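As the structure is a computational prediction, the values presented were derived from the model and not from experiment. Within every chain, numbering begins at 1; the chains are lettered A, B, ... in the order of the sequence lines, protein sequences first and strands thereafter.
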Amino acid sequence: MWNWIKKLVKNGNTLLGLIIITVVVLYMYGVHLERHGYSNLLVQGPGSKVALAVIGLREGYFPWTDVPGWKGMEADEMASSDPFVQGMEDADCDIEETLDLMDQILEEVLADSEIALSNSQGQSPVEYFLENQEQHAVDEVTQDNEELVVDGSADLSGFGNTSVSDNMTASGGNESGEAESGRVESGNANAGDVADNEEQVRPVMENVSVDDDYFSDAVFIGDSRMVGVEEYAGIDNATFLAKVSMTIYNMMDTKVSLNGKTITVREALEQNQYGKIYVMVGINELGTGNTAYFANAYASVLQEIRELQPDALIIIQAIMHVTGEKNMRDSIFNNTNINSRNEALKEFCNGEDIFYIDVNPVYDDVNGNLREELSADDIHLYGNCYGPWREFLYENGFVR
Amino acid sequence: MVFSSLEFILYFLPIFLTIYFIVPQNKKYSMVSKNLILFFGSLVFYAFGEPIYVFLMLASIVLNYLLARGMDYCYGKTAYISFRAGLFALSVLVNIGILFFFKYAGFVALNLNIFFYQVLKIDWITLPIISEDSLPLPVGISFYTFQILSYVIDVYKRRYPAEKNFLRLGTYITMFPQLIAGPIVKYPEVRSRLTKRRTTRKSFDHGLKLFILGLGYKVLIANRIGILWTEIERIGYESISPMLAWLGAFAYSFQIYFDFLGYSVMAIGLGKMLGIHIPENFKDPYVSHSVTELWQRWHITLGRWFREYLYFPLGGSRNGKLKTVRNLFVVWLFTGLWHGANWNFLIWGFGWFFLIMIEKLFLKKGLDRFPLFGNLYMLFIIPISWVIFAISDGNRLLIYLSRMFPFIPMQYESNVNAMDFIRYGKNYVLLFVLAILGCIPKIRKTLVQIQRKKWGTPVSYLIFLLCLYFLALGLDNPFMYYKF
């Protein structure tokens, strides 16, 4: 074969020779990548190895051999062996049981996984979080006749003392029965009434109505859906570090424009201190890895954000659903996968300085899919549909 | 299968070319073998996307082959004159019938139903409509049907004898460079190459470079500038600013041009690699000074088809002003309809008719005298015409037009981000510059020189790498004229 190529080149078909060599090299590189556990679910079918090589060169590699349970499976198998997806499918309709099961699975998965990053005490990011959540737990605050139930002890054996109470969203009813620590808001919680820990921690009022000033020290980091909010929700005094195709894997290094300068998200968080940090990514990552892999990466990013912004409240926004059409057709971008990842994200909420809000009930139909008439491409909202999102953000503020 | 896809470039084409060139060129059996390989290769190419409809196409070729030979047999025998005409009529009916059935039956049935119900108030007639999902349109049917028709009509008119060799006829109709999306090749243009053709290393190299140039037009310019239109759809036509509306219209105009141009150039390049001459389909249409000139430069093979097989048979412009108007009207309505089975295509075709009428009557003289005015006039007309072409839903079309012309009053819920054209536009500055450059005749002709000049090889290689990059990232939008 080598002689054949040389003959082609010598006889003036340099171009053909160059092309053949390039393609063969890329193909071999793609095969090499696959053998070592790199992959991208979006690249399937003919030319996938070459495409993988190109994507690998461009975006970096996401090695999966560290992820528990991965053994070079196909995309379909991957989704169905995803413990979260499995858990949700196995459980019957009993909500409590479903939640317990998911708890269990998350605990097992997170315990088993070997996470690359670890802090000086040899803890993985997730372990660090879990530990700190217990430290910061505030059990109860009573005030006058009202019971302010702030559930901080999100220990994984259960969802704590939850009441499936008011949802965090404008419309009622959330069929997954979100029992993330339900809260009752109180008008005047005083810092002094809080049961003190070693550190003086002021409680946070959750899901309160806020006004424009609230957003002046808020920053929204996210992907193309966040760009939509930036462009059409009319929250003009907030800072937006949003970019189409942002993922949790590239978030901190993504270049954004702030005050006329182009800097990375990391630099933006180094140079400015914010009161609230809203994070919304997840849809673009559906083609890479599984939920545990995603959750790991998310944990490290949260860790880094926390170090850069010790006083800020971090508010994780759930991944928005896709429409029923897309849900049915697409084996990767569907709401089952989205929901499983959202369940993992919920776990990061500690009721103290990391929270979780979900805009989906605002836009979902009765089946839990994004309403068809709200989107042209089954993924993004029309420009004139952002009013409810804006309202949702205004009605679900987090104030110390 | 689309030319601008990894499966074509990395799988089909290398395998096909290897098999094709393993057969030596100078032997007695060369032509038959090569035609066989091309014929079957093209069937495989077509079957890849249309595993069932490939038989429809085969059946059509067999039928037309037999009918054409029958017409030749009948010629000269007075007893068979009307039989010959009958064979011809049968052929035309079957060809157009198949096209009608797959492409237009639903549209016609839908509108007849509305007519019966709303206008005549008859509610007991309901014509069945087979939905697009249960009966999809066979890819390329508009192109190969017209190609077959041109052959059959030419044989009837005795322009040349019917092809006796079924393989040659089959190869002519199915050859994959022009099967899916034209250019619409006339039989005499390839007949000689079907009996004898050669590829030299040089011509292969030229063909490859041309193919890569076409690929670049499509993947690097068309597919990417087309994303702006997708983004506008995503925002929703109600919520775009007028500037963005116009920007989008220009982006779509560039997209459809470079898409189709790319495909046509790829076809010519592939033909060169195989030793077959495929005619040009575009001659810098966007520098035209009038609509008349535009259609001499845009989709040339379609324009000549309608002129030769519809306009001239109807009498052309030789029978007085009234007949000319009628003939133009028919031709343009059918041209519009050929592009799609929907009212907006009819309106689009009618728009061209109207402008051509005006030009014929008085405007053309003015445009010829002031070419700059002609260019500006076309720069205004072209984007608007493509918007009408692009949006089939009447309501949404009106909304878009009202965004382009904000003084048209329309009521809808709108949430415009005033800076949207800057936000979106700035990502496309380079693409617009490239697109505009690509429309300038001098520059385009220089690009075509990629085949012969020394810089051709490195530039081709670079374009190839870039295309590979974007294709790998998933930007192979299907060819826009693909639904034809």
Scan side-chain atoms only and decide if A:Thr22 and B:Tyr461 contain a donor-acceptor pair under the 3.5 Å cut-off.
yes
Gap between atom OG of A:Ser375 and atom CD of B:Glu233 - 0.5 Å precision:
11.0 Å
Just verifying a value: how many Å separate A:Tyr382 OH and B:Arg234 CZ, rounded to the nearest 0.5 Å?
12.0 Å
Tell me, for A:Val227 versus chain B, whether the close heavy atoms (under 4.5 Å) come from the side chain, the backbone, both or neither.
side chain
Taking atom OG of B:Ser460 and atom CG of A:Leu18, what is their separation to the nearest 0.5 Å?
10.5 Å
Under a 4.5 Å cut-off applied to non-hydrogen side-chain atoms, are A:Tyr232 and B:Ile235 in contact?
yes
Might you confirm whether atom OH of A:Tyr27 has over 12 heavy atoms from other residues, nucleotides or ligands at distances under 6.0 Å?
no
Looking at side-chain heavy atoms only, is the closest gap between A:His380 and B:Glu231 below 4.5 Å?
no
So what's closer than 4.5 Å to chain A heavy atoms on B:Phe204: side chain, backbone, both or neither?
side chain
So which atom in B:Leu10 and which in A:Val23 form the shortest heavy-atom distance, rounded to 0.1 Å?
CD2-CG1, 3.6 Å
From OG1 (B:Thr230) to CG (A:Asp377), nearest 0.5 Å
9.0 Å
Excluding sequence neighbours, so at least two apart, what forms side-chain hydrogen bond (donor to acceptor under 3.5 Å, both in side chains) with A:Asn384?
none
The interface call for B:Ile212 against chain A, heavy-atom contacts under 4.5 Å, is side chain
Considering only heavy atoms, which portion of B:Tyr424 lies under 4.5 Å from any heavy atom of chain A: side chain, backbone, both, or neither?
side chain
Has the side chain of B:Asn417 got a donor or acceptor atom that lies under 3.5 Å from a matching backbone atom of A:Glu231?
yes
CG on A:Leu26 to CG on B:Leu465, rounded to 0.5 Å:
8.0 Å
Tightest non-hydrogen contact, residues A:Gly383 and B:Ser239, listed as C-OG, 3.8 Å
Interatomic distance, CE@B:Met273 vs CG@A:Leu16, rounded to 0.5 Å, equals 9.0 Å
